[in-house]
Amino acid sequence: MRSSDYLLATLKETPADAEAISHQLMLRAGLIRKLASGLYTWLPTGVRVLRKVETIVREELNRVGAIELLMPMVQPAELWQESGRFEQYGPELAKLNDRHDRTFVLGPTHEEVITDMVRNQISSYKQLPINFYQIQTKFRDEIRPRFGVMRAREFVMKDAYSFHLSEQCLDKTYWLMHQAYTRIFARIGLECRPVAADTGSIGGALSHEFHVLADTGEDAIAFSNESEFAANVEMAEAVAPQTPRPEASQPLQEVATPEAKTIEAVSQQLNIDPQQSVKTLIVHGIATDEQSQPLVALILRGDHSLNEIKAQKLDLVHSPLTFASEAEILAQTGSLPGSLGPVNLNMPIIVDRSACVLADFVCGANKDGYHFTGVNFDRDICNYQVEDIRNVVEGDLSPCGQGQIEIKRGIEVGHIFQLGQKYAKALNAGVLDESGKHEHLNMGCYGIGISRVVAAAIEQNHDKFGIKWPEAIAPFQVVLIPMNMHKSHRVTEVAETLYQQLLGIGVEVLFDDRKERPGVMFNDAELIGIPHAIIIGERNLDEQMVEYKHRITGDKAKLPVDEVLSFLQGKLS
RNA sequence: CGGUAAUUGGCGCAGCUUGGUAGCGCACUUGGUUUGGGUCCAAGGGGUCGCAGGUUCAAAUCCUGCAUUACCGACCA
């Protein structure tokens, strides 16, 4: 491709509304332009990268026997009403009416459509298992689109759906897809880790997220420093400390703690470690006949934080989790938040495992401006239930039993689920088994955010000059930078010849034939992140040489003109 | 949806406090100059100052409302 026939669209300055590095570089390198919030045009360079990611994904999915199809983005509302998600999915589901006033949705995902297709086309266990995928545009009306294409409303996704007679068969395909994903991200050249995940609203038995590790990632992931254990922080089990609870040695004592409303302030006033205190959070419970909005107390060690996902899974706790208002708390405890504690508290009490092993600790006295010291479970607090309700922190024991927890940040680029029979039952999709009995299908679904992979790759691979593409997804493999071509016949001749030769052997080459100064071309090539550069100038042509430079390693070499082709072939193979 | 901020040519910004001819840099066009890391000079094209209403002889500037956008919190590929 000649620059003069192309749209490079590089920018010197960073548009003001781009915050994330990948977003800034995607705009500056001419990959994308914003049309509206969360909606982006992919410029030619961006599309080249997108297509490369898609190709790798296709090859690896085909390799494990998945078959490609393509479903509509606009889907009839009836299907979504049938699965129950028309209401359940919430405002992220964009709805629209056609001229006949029939309601449709813009597909945020395709479980309904694929299950509908399968229930009509598949009727025998002999046709199973089967695994379909598509690469297609999705629309989710995100509350807050951010970071460019990282969280856009419209985005490109690869979604696959497998169907099975038995759970065992589903499990087998699930792990096959797990392997395929691992290979995909390795081939793309990303440092990526599978992570045990919450199945969330989609439901189902087993789920893994695939995360590209990057400091700017939105998700926190807990790793063991000694084993392969990795789990989303919201999902990682906080194991009970190994040490048993010490004996009570202090009497229960009420002390004045004026103005101390936070764990930090109380700890400072009483000169104790926050680890020797507990905090009390009041949330809404499940409504009963007697009480329309009962309250539940959650007790955590002072330095720990509540894991809302774990808490809302408990029987006593209302889901989704909501905190009690100050008025509700005052009415039931006689105290405002800041002086709450589990002693003589007239509501169900749930104690975190780590708080439960404390002895002689500090907590609020349910009386404004007062705390208790020397508090002990079983002596001072009797009716309570012990659960895991906190977020893991660095240094915790790993729940796998090996090593300690480390927390790193990641960008979720893939997610696989064992859905089980949820959609098959809702949409009544089944087959006849060997004995002629009707069985609901077991289903797995597997997503990769193709456009997000592009952003994540940049987030993980950039420097102050621009993008450092992994070779496998670079928009071009080679850039030809001829200097002062318009003034030198020799440069023109060598550049044109090399360009034709490279095209001839199928190399994706950008020939920067603009009448620009060398510095401009160097900067653009580095910004766009093309891995291999060949620089052609009068100076080296005196010796029939050109210069080679590698974008990532910075390696430089002088090459005889007639060896460029074989040199590059060696580098690219 | 809550909190914060912004909106002036394609991009980055100044001007607003104290109302009076809309400006700078980049990019673009033309001519010249320069040529191994974002040359320099000159001439030029391009703006309903987000929208609506109000105050005023006069509004980018003051007032009111609305819209859009970004960032921080709860969801997700």
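This structure is a prediction, so every number in the text was calculated from the model and none was measured. Here is how names work: the chains are called A, B, and so on, in the same order as the sequence lines, proteins then strands, and each is numbered from 1.
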Q: Report the residue (A:E218 or A:A16) whose heavy-atom-nearest nucleotide on RNA chain B is the more 5′ of the two.
A: A:A16

(Q) By nearest heavy atom, map A:G38 and A:T10 onto RNA chain B; which one lands nearer the 5' end? (A)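 Between the two, 5'-proximity favours A:T10.
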
Which base, if any, makes a Watson-Crick or G-U wobble pair with [N], both distances under 3.5 Å?
{"N": "B:U18", "value": "none"}
{"N": "B:C13", "value": "B:G23"}
{"N": "B:U35", "value": "none"}
{"N": "B:U29", "value": "B:A43"}
{"N": "B:U48", "value": "none"}
{"N": "B:C1", "value": "B:G73"}

What contact category does [X] fall into here, base, sugar-phosphate, or nothing, at under 4.0 angstrom with non-hydrogen atoms?
{"X": "A:G414", "result": "sugar-phosphate"}
{"X": "A:L11", "result": "nothing"}
{"X": "A:E516", "result": "nothing"}
{"X": "A:V520", "result": "base"}
{"X": "A:E209", "result": "nothing"}
{"X": "A:A160", "result": "nothing"}
{"X": "A:M485", "result": "nothing"}
{"X": "A:D159", "result": "nothing"}
{"X": "A:P145", "result": "sugar-phosphate"}
{"X": "A:H486", "result": "base"}
{"X": "A:M157", "result": "sugar-phosphate"}
{"X": "A:K487", "result": "base"}

Under-3.5 Å donor-acceptor pair between [X] side chain and [N] base:
{"X": "A:E526", "N": "B:G37", "answer": "yes"}
{"X": "A:K558", "N": "B:G36", "answer": "no"}
{"X": "A:R151", "N": "B:C76", "answer": "yes"}
{"X": "A:R452", "N": "B:C76", "answer": "yes"}
{"X": "A:E13", "N": "B:G25", "answer": "yes"}
{"X": "A:D219", "N": "B:C75", "answer": "no"}

Q. How about A:R58 and A:I135: do any of their side-chain heavy atoms sit closer than 4.5 Å?
A. yes

[X] [atom1] to [N] [atom2]: how many Å, rounded?
{"X": "A:F139", "N": "B:C75", "atom1": "CZ", "atom2": "C1'", "result": "16 Å"}
{"X": "A:R517", "N": "B:U34", "atom1": "CZ", "atom2": "C1'", "result": "6 Å"}
{"X": "A:E412", "N": "B:C75", "atom1": "CD", "atom2": "P", "result": "12 Å"}
{"X": "A:N484", "N": "B:G37", "atom1": "CG", "atom2": "C1'", "result": "12 Å"}
{"X": "A:H23", "N": "B:C11", "atom1": "NE2", "atom2": "P", "result": "13 Å"}
{"X": "A:N232", "N": "B:A77", "atom1": "CG", "atom2": "P", "result": "11 Å"}
{"X": "A:N523", "N": "B:U39", "atom1": "CG", "atom2": "C1'", "result": "14 Å"}
{"X": "A:R490", "N": "B:U35", "atom1": "CZ", "atom2": "P", "result": "17 Å"}

Consider the side chain of [X], meaning its heavy atoms from C-beta on, and name the nucleotide among [options] that approaches it most closely.
{"X": "A:R28", "options": "B:G38, B:U35, B:C71", "result": "B:G38"}
{"X": "A:F147", "options": "B:U69, B:C72, B:A77", "result": "B:C72"}
{"X": "A:E19", "options": "B:G38, B:C71, B:A77", "result": "B:C71"}
{"X": "A:P518", "options": "B:C11, B:G73, B:G36", "result": "B:G36"}

Q: Assess the pair A:F417 and A:Y446: is the distance between their ring centroids shorter than 6.0 Å?
A: no

Q. Is there a ring pair (Phe, Tyr, Trp, His ring centres under 6.0 Å) between A:H208 and A:H415 once you walk through the steps?
A. CA-CA 6 Å; A:H208 283 86; A:H415 203 158; 9.0 Å; no

Q. With under 30° as parallel and over 60° as perpendicular, where do the rings of A:Y499 and A:F511 fit, or are they tilted in between?
A. tilted

Q: Identify the residue among A:L170, A:L419, A:I114 that makes a side chain to side chain contact (heavy atoms under 4.5 Å, CB included) with A:S162.
A: A:L170

Q: Report yes or no: is the cationic atom of A:K408 (NZ for Lys, CZ for Arg) under 6.0 Å from the centre of the six-membered ring of A:F223, at an angle within 45° of the ring normal?
A: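 Pair A:K408/A:F223 counts as cation-pi.
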
Q) Is there a donor in the side chain of A:N232 and an acceptor in the side chain of A:E209, or the other way round, less than 3.5 Å apart? A)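 Note: A:N232 and A:E209 side chains meet the donor-acceptor criterion.
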
Q) Do we see a donor-acceptor contact under 3.5 Å between the side chains of A:Q418 and A:D171? A)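 Their side chains do contain a donor-acceptor pair, which is all the 3.5 Å distance test asks for.
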
(Q) Less than 4.0 angstrom between a side-chain N/O of A:K138 and OP1 or OP2 of B:A77, yes or no? (A) no

Q. Would A:F155 count as stacked on B:A77 if the rule is ring centres under 5.5 Å and plane angle under 30°?
A. yes

